[in-house]
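Each remark here refers to the structure printed beneath this line.
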There are 2 protein chains.
Amino acid sequence: MSSETWLEQLHDNGYRVTAARRAVVDVVYGNTHALTPIEVYDQARKKYRALGLVTVYRTLEKLEELHLIQRVHQPIGCQAFISAGLGHQHLLLCKTCGQVEFFEGDDLDALTKSIARKTGYQIQEHWLQLFGLCANCK
Amino acid sequence: MSSETWLEQLHDNGYRVTAARRAVVDVVYGNTHALTPIEVYDQARKKYRALGLVTVYRTLEKLEELHLIQRVHQPIGCQAFISAGLGHQHLLLCKTCGQVEFFEGDDLDALTKSIARKTGYQIQEHWLQLFGLCANCK
DNA sequence: TACTTATTGAAAATGATTTTCAGTAAGAAA
DNA sequence: TTTCTTACTGAAAATCATTTTCAATAAGTA
Ligand SMILES: [Mn+2]
Ligand SMILES: [Mn+2]
Ligand SMILES: [Zn+2]
Ligand SMILES: [Zn+2]
């Protein structure tokens, strides 16, 4: 699987594959760090100098709409995006360098049910994120 | 415990207790809904007409600094604040009305350790949030 | 009551994101 | 290939949230 997958997805959904979009997709696809629009812009401009920041916003918007990327929420801000994995996952984030790992294996069913009962809420989804220092940064 | 507690805390930390701050504190203290600065402003102005939005921002900043309120992250945005509970807690949020409940009783130690071992991360903190519909909204 | 200085709201500045717009080019169809 | 429609582009302007500046005010200690 390469970034071509994403370009195909864009195409299959009626969007055009352009040089600007290729540059953005090349930066974000498979990147293990959460990137802000400006960071994407700076990196993508190395591949395609004429790129405009507006197009970065517009492309990220479409990638998010197709669930190819997802927004990353952190104590320092919530404007970064990361390549989305498939299905329901959780994030482990390095507070220093922004590296992201996915993990599964949470077992929140019992907790969720118990809280639903106690509170009367109908629980629809959950967010679980771990923060720390990656092997490099610690 | 009333909102006077918060005013005392402000005072004890060298901040002055003013009419503007009273109005903001009165709105946020004990409120079970996550409120954005504008929402706080609109509600607080009913009590103190001359209030400026700038002062809302400045007061929220100080309340957050004193850990009396905390920022709430949601799919629709991350600008809202809620009265903070004591110590480490988790949030249950109504997606419709923004009502917030705190809960404890997560047991993530085993999961956290297992992920730390697998990934080499040094894990420092976690976020766990549940989203759904409150008894009223469902 | 007097005095120091933190706090105020208005206005301006900033920074991020969105909208507008006229030119360009993707890509389907011929 | 060429034509043709229209999605896409980047620049500039507009918008929106938040922060800074500033001179006047008022909290609260002495
Ligand atoms: Mn889960
Ligand atoms: Mn916990
Ligand atoms: Zn790191
Ligand atoms: Zn509700």
Side-chain angles (χ1 to χ4, degrees), chain A residues 3-4 6-28 34-66 69 71-81, chain B residues 3-4 6-28 34-66 69 71-81:
Chain A
S3 60
E4 289 299 319
W6 285 14
L7 298 172
E8 279 167 32
Q9 292 250 19
L10 284 168
H11 186 260
D12 293 350
N13 284 81
Y15 297 122
R16 293 180 181 172
V17 174
T18 67
R21 285 183 180 161
R22 278 182 186 281
V24 170
V25 164
D26 278 354
V27 166
V28 179
L35 300 174
T36 61
I38 286 282
E39 287 168 343
V40 172
Y41 175 66
D42 288 339
Q43 293 189 29
R45 256 171 38 105
K46 292 174 186 158
K47 304 172 188 235
Y48 182 64
R49 256 269 116 71
L51 180 66
L53 178 57
V54 202
T55 299
V56 173
Y57 276 98
R58 289 190 281 224
T59 303
L60 292 175
E61 187 178 82
K62 282 167 182 60
L63 294 175
E64 188 179 24
E65 176 194 317
L66 298 178
I69 61 172
R71 186 177 295 269
V72 173
H73 299 260
Q74 292 178 268
I76 54 162
C78 306
Q79 302 75 39
F81 292 88
Chain B
S3 61
E4 289 299 320
W6 285 14
L7 298 172
E8 280 168 30
Q9 291 250 19
L10 284 169
H11 186 260
D12 294 349
N13 284 81
Y15 297 122
R16 292 181 182 173
V17 175
T18 67
R21 286 182 179 162
R22 279 183 186 280
V24 170
V25 165
D26 276 355
V27 167
V28 179
L35 300 174
T36 61
I38 286 281
E39 287 169 342
V40 172
Y41 176 66
D42 289 339
Q43 293 190 31
R45 259 174 32 110
K46 292 174 186 159
K47 303 173 188 232
Y48 182 65
R49 256 267 117 68
L51 180 65
L53 178 56
V54 201
T55 298
V56 173
Y57 276 96
R58 289 190 280 224
T59 303
L60 291 175
E61 186 177 82
K62 283 169 179 60
L63 294 175
E64 189 179 23
E65 176 194 318
L66 298 178
I69 61 173
R71 186 177 295 269
V72 173
H73 299 259
Q74 291 178 269
I76 56 162
C78 307
Q79 302 74 41
F81 292 88

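So that the names make sense, note that chain A is the first sequence line, chain B the second, and so on, each numbered from 1.
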Sugar-phosphate, base or nothing in reach of A/Leu51, heavy atoms under 4.0 Å: sugar-phosphate
Among D/dC8, C/dT19, C/dT7, the nucleotide that comes nearest once only the side chain of A/Val54 is considered: C/dT19
Euclidean distance, atom CG of residue A/Asn13 to atom C1' of D/dC8 [Å, nearest integer]: 16 Å
Rounded distance (Å) that lies between atom P of C/dG27 and atom CG of A/Asp12: 11 Å
Sugar-phosphate only, base, or nothing, as touched by B/Ala19 at under 4.0 Å among non-hydrogen atoms: nothing
Short side-chain N/O contact from B/His11 to OP1 or OP2 of D/dT29, under 4.0 Å: yes
Expected output: side-chain A/Arg21 to main-chain A/Thr59 donor-acceptor under 3.5 Å: no
Whole-Å gap separating P (D/dT19) and CG (B/Leu60): 10 Å
Euclidean distance, atom CZ of residue A/Arg22 to atom P of C/dA25 [Å, nearest integer]: 16 Å
Whole-Å distance separating the CD atom of A/Glu61 from the P atom of C/dT19: 8 Å
Backbone of B/Cys78 reached by a side-chain donor or acceptor of B/Arg71 within 3.5 Å: yes
Nucleotide C/dA16, atom P - distance to OH of A/Tyr41 in whole Å: 13 Å
Toward the 5' end of DNA chain D, by each residue's nearest nucleotide, B/Tyr15 or B/Gln79: B/Gln79
Sugar-phosphate only, base, or nothing, as touched by A/Arg58 at under 4.0 Å among non-hydrogen atoms: base
B/Phe81 and B/Leu63: CA distance, side-chain angles, deciding distance, side-chain contact (heavy atoms from CB on, under 4.5 Å) verdict: CA-CA 10 Å; B/Phe81 292 88; B/Leu63 294 175; over 6 Å; no
Closest to the B/Ala20 side chain, choosing from C/dA25, D/dT20, C/dT8: C/dT8
Sugar-phosphate, base or nothing in reach of B/Tyr48, heavy atoms under 4.0 Å: sugar-phosphate
Given D/dT29, C/dA25, D/dT9, the nucleotide with the shortest approach to the side chain of A/Thr18: D/dT9
Whole-Å distance separating the CG atom of A/Leu53 from the P atom of D/dA13: 16 Å
Minimum side-chain heavy-atom gap B/Val28-B/Trp6 below 4.5 Å: yes
Heavy-atom side-chain proximity of A/Val25 to A/Val17 below 4.5 angstrom: no
Among C/dT8, D/dT9, C/dT19, the one nearest A/Arg21 by side-chain distance: D/dT9
Of A/Val17 and B/Thr59, the one whose closest DNA chain C nucleotide lies more 5': B/Thr59
Nearest-Å distance for atom pair CD1/C1', residues B/Ile38 and D/dA17: 8 Å
